[in-house]
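Here's the structure we're looking at; comments come further down.
Numbers for residues simply follow the sequence, beginning at 1. Counting convention: from 1, in listed order, for ligands and their atoms alike. For clarity, every value in this text was computed on a predicted model and none was experimentally measured.
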Amino acid sequence: MKQRKIILDCDPGHDDAIAIVLAGNHPNLELLGITVESGNQTLEKTGRNALHLVQYLKLNVPVCKGVPYPIIREVEVCDAIHGESGLDGFDFPQLEINYDQRPAIDFLIQTLTQSEEPITVVTTGPMTNLALAMRTNPKIIENIEEVVLMGGSFTNGNVSPAAEFNILCDPEAAYIVFTSGCKITMVGLDVTRNVLVYPEIIQRMEPIQTIASELFVKLMNVFNENQKKVFGWEGAPLHDPVTIAYLIDQTILTTKYVHTEIDISHGPSYGRTNCDLPNYLHLEPNTYVATGIDVEKFWQIIEAGLKRY
Ligand code: RIB
Ligand code: CA
């Protein structure tokens, strides 16, 4: 089967880390690079976390440092969930690798303009890097096969009643991407809130005994503790890996092709993904919005991914 070329733009982050695990060595995916931005923590920390993950998982993948700030807003980290380091709960070996010398925007532009085949860009953090790359060289849009993002919600948000974290961190960036004309698949809270890392999921993965399963167990225990403190949940929603699981097996998601607009007005709905599922406005659809997920199939993909290391 032909490998699908992907670039993963992220803000590791506990759930981003599992997205990297899944994307890092699947036979159907060619992970061309990881670009990072601030979000769950500052860029210094998310970037360092990405390097630690690539080194620990023995991935031969460039890590490119992105833009440290959103386009308009200030950085607002999510340390209550991801901790001071942004990836609390795992003691990585001494870091011996460094960033690729290309800034994320340059890497995105160079890779997308030089690739013979279209590339899927997966974002699991704020969309600043991708948006600024599009603005810097709009020609890259022609070679983007699909943007698959973890972000948004057609119901409630998780940082305001209206908005989800990745979008609200940088609404203007999301607006640029959603109006770019690319094929967009939005994996929002509506489906990611169904894949909760209950203790029995951790117990299911523990006997796998690979470096990846050890990482999963230790990170998810801390992720659960923090999510319980903040949201009172018994299992943390494993948001980001749903994007990669979808690329591995598109049947895990049910999607609806609708018009989606990002609210960039500075009111109570700032950063909301307004997905017109009922088609009230009769506007041109621009987004495949995930409306359903096969939860067991998702955990089977996670389990298989942990076993591949
Ligand atoms: O709202 C969930 C998203 O915000 C996830 O990507 C998580 O990593 C945080 O970045
Ligand atoms: Ca993330």
For Y309 and G24, work out which heavy atoms get closest and say how close. OH-CA, 3.7 Å
At less than 4.0 angstrom from any non-hydrogen atom of M150, what atoms of ligand 1 do you find? 2 (C), 3 (C), 5 (C), 6 (O)
Which one of D240, I293, T124, L253 satisfies the side chain to side chain contact (heavy atoms under 4.5 Å, CB included) criterion with V187? L253
Under 3.5 Å between any N/O of T124 and any N/O of ligand 1: does that happen in this structure? yes
Please classify the N158 to ligand 1 contact at 4.0 Å (heavy-atom distances, strictly less than): side chain, backbone, both or neither. side chain
Counting heavy atoms only, which of L238, D15, T123 comes nearest to atom 8 (O) of ligand 1? D15
Are the side chain of Y175 and the backbone of D170 linked by a donor-acceptor contact shorter than 3.5 Å? no
Examine distances only and state if a side-chain atom of D276 and a backbone atom of H259 form a donor-acceptor pair shorter than 3.5 Å. no
Among the N, O or S atoms of D11, which one sits nearest to the Ca ion (ligand 2)? OD1
So, for H52 and Y56, is the gap between ring centers shorter than 6.0 Å? no
For the Ca ion (ligand 2), find the closest N/O/S atom on D240 and give its atom name. OD2
Which of the atoms of ligand 1 are close to D11, meaning less than 4.0 Å from one of its heavy atoms? 10 (O)
Indicate yes or no for a side-chain donor-acceptor contact from R102 to the backbone of K65 under 3.5 Å, with no hydrogens or angles considered. no
Determine whether the side chain, the backbone, both or neither of V159 has a heavy atom under 4.0 Å from any heavy atom of ligand 1. neither
Hey, is there an N, O or S on D15 sitting under 3.0 Å from the Ca ion (ligand 2)? no
Please check: side-chain N/O of N194 versus main-chain N/O of D190, any donor-acceptor pairing under 3.5 Å? yes
Counting heavy atoms only, which part of D16 comes closer than 4.0 Å to ligand 1: side chain, backbone, both or neither? side chain
Option from T120, I119, L31 for which side chain to side chain contact (heavy atoms under 4.5 Å, CB included) with R4 holds: T120
Could you tell me, atom by atom, which parts of ligand 1 come under 4.0 Å of a heavy atom of H239? 2 (C)
In this structure, atom 9 (C) of ligand 1 is nearest to the protein heavy atom N40 OD1, 3.1 Å
Taking the Ca ion (ligand 2) as the vertex, how big is the angle to OD2 in D16 and O in T124, rounded to 10°? 80°
From the options V122, V21, V148, select the one residue that forms a side chain to side chain contact (heavy atoms under 4.5 Å, CB included) with I244. V122
Pairwise distance OG(S115) to CD1(I144) - rounded to 0.5 angstrom: 11.5 Å
Which protein heavy atom lies closest to atom 6 (O) of ligand 1, and at what distance to 0.1 Å? D240 OD1, 2.6 Å
Has N166 got an N/O/S atom less than 3.0 Å from the Ca ion (ligand 2)? no
Which of the numbered atoms in ligand 1 are below 4.0 angstrom from a heavy atom of E164? 1 (O), 2 (C), 3 (C), 4 (O)
